[in-house]
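Heads up, the thing below is written out as structure tokens.
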There are 2 protein chains.
Amino acid sequence: MGDVYKALADPTRRAILDELRDRAGQTLFELCTRLLGKGFTSSRQAISQHLAVLEDAGLVVIRREGRYIFIDLDTSPLQQIYERWGIGPCASDT
Amino acid sequence: MGDVYKALADPTRRAILDELRDRAGQTLFELCTRLLGKGFTSSRQAISQHLAVLEDAGLVVIRREGRYIFIDLDTSPLQQIYERWGIGPCASDT
DNA sequence: ACGATATGCAAGCTGCTACTTGCATGTCAA
DNA sequence: TTGACATGCAAGTAGCAGCTTGCATATCGT
């Protein structure tokens with residue numbers, strides 16, 4: 001299992017997570033097109049490599065169907081950040 | 001203002017945040033000693049550079065007094081992670 | 001004032017990371 | 001089956017990030 005923090009370190013990867021949050025189950029091609037529309041100039045291969053990193057970190061779930069892949073966001077690995085330094089609006093005292 | 005995500009990407013920097021969570025207001029020297037005791041082999045200069053990154057990201061507050069510096073943890077920048085992909089135990093539905 | 005202590009600054013080296021390029025694989029439609 | 005489409009794989013390249021090294025600065029005790 002890869003490093004969640006390292007996965008979050010890249011701006012393009014964060015943009016991918018943003019994109020998946022706005023629209024789940026996107027195809028790689030869809031994702032590339034939409035990122036291009038938002039000013040990112042990454043190639044398909046670059047995005048694919050980023051997806052591999054995100055998948056390895058558990059932040060993304062990829063399911064294959066025919067010649068397409070469908071990508072979904074999984075935010076549960078982010079929870080370890082809370083648990084480690086315990087902040088945020090709700091993890092307050094008692 | 002630096003990048004919070006990039007600041008979190010390095011294991012040594014995360015160890016620094018851990019250390020500051022356990023004991024606030026540490027000196028640079030104190031910090032180095034304690035990290036050494038935990039298996040980290042970083043030099044003082046390395047730690048100092050890490051601190052600069054953490055300070056730039058707002059994750060750490062450094063106050064200078066005489067020939068010492070006192071370092072404190074500030075977890076508030078982490079909140080943007082929650083707000084961006086909104087997860088965790090409490091940011092649930094409704 | 002002088003030495004010791006605590007930290008700052010800057011240049012150079014190295015390894016990793018993101019990107020590109022080119023080709024391979026596999027799926028669907030006709 | 002054949003061609004077009006969607007994705008996978010791998011090697012090579014460039015830039016940056018973290019580390020070291022060496023010296024500079026500043027503060028405290030005596």
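In what follows, every heavy atom counts, from backbone to side chain, and hydrogens, waters and symmetry copies are set aside. So that the names make sense, note that chain A is the first sequence line, chain B the second, and so on, each numbered from 1.
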In whole angstrom, what separates A:L51's CG from D:dA6's C1'? 14 Å

Answer yes or no: is there an ion pair linking B:R14 with A:D3, defined by an N-O contact shorter than 4.0 Å? yes

Any side-chain heavy-atom pair from B:L51 and B:L28 closer than 4.5 angstrom? yes

Set of residues satisfying salt bridge (Lys or Arg N to Asp or Glu O under 4.0 Å) with respect to A:R63, sequence neighbours excluded: A:E65, A:D72

Answer yes or no: is there a donor N or O on one side and an acceptor on the other, between the side chain of A:Q26 and the main chain of A:I69, under 3.5 Å? no

Chain A footprint on DNA chain C, 5' to 3' - any atom under 4.0 Å from a heavy atom: C:dT17 to C:dC28

Scanning both residues in full, the closest heavy-atom pair of B:L8 with A:Y5 reads O-CB, 3.4 Å

Hey, could you give me the CZ/CD1 distance between A:R21 and A:I16, rounded to the nearest 0.5 Å? 13.5 Å

Hey, what are the protein-to-nucleotides 23-30 of chain D N/O distances that come in under 3.5 Å?
none

A:I81-B:V53 co-clustered via ILVMFWY side chain contacts under 4.5 Å: no

Take A:L54 and A:L20, measure what side chain to side chain contact (heavy atoms under 4.5 Å, CB included) needs, and give me the verdict at the end. CA-CA 12 Å; A:L54 289 170; A:L20 292 173; 5.8 Å; no

Heavy-atom side-chain contact between B:L59 and B:D74 under 4.5 Å: no

Below 3.5 Å is the cut-off: list the nitrogen or oxygen pairs between protein and nucleotides 12-19 of chain D, distance only.
residue	atom	partner	partner atom	Å
D:dG18	OP1	B:R13	NH1	3.4
D:dG18	OP1	B:R13	NH2	2.6
D:dG18	OP2	B:R13	NH1	3.4
D:dC19	OP2	B:H50	NE2	2.3

Quick test of your reading: applying side chain to side chain donor-acceptor pair (under 3.5 Å), list the pairs with at least one residue in residues 45-61 of chain A, sequence neighbours left out, ordered by first then second residue. A:R13-A:H50

Does the side chain of A:F70 come within less than 4.5 Å of A:I62's, by heavy atoms? no

Is the shortest side-chain heavy-atom distance between A:V60 and A:L17 below 4.5 Å? yes

To the nearest 10 degrees, how far apart in direction are the end axes of the helix from C:dA1-D:dT30 to C:dA30-D:dT1, each fit to five base pairs? 30°

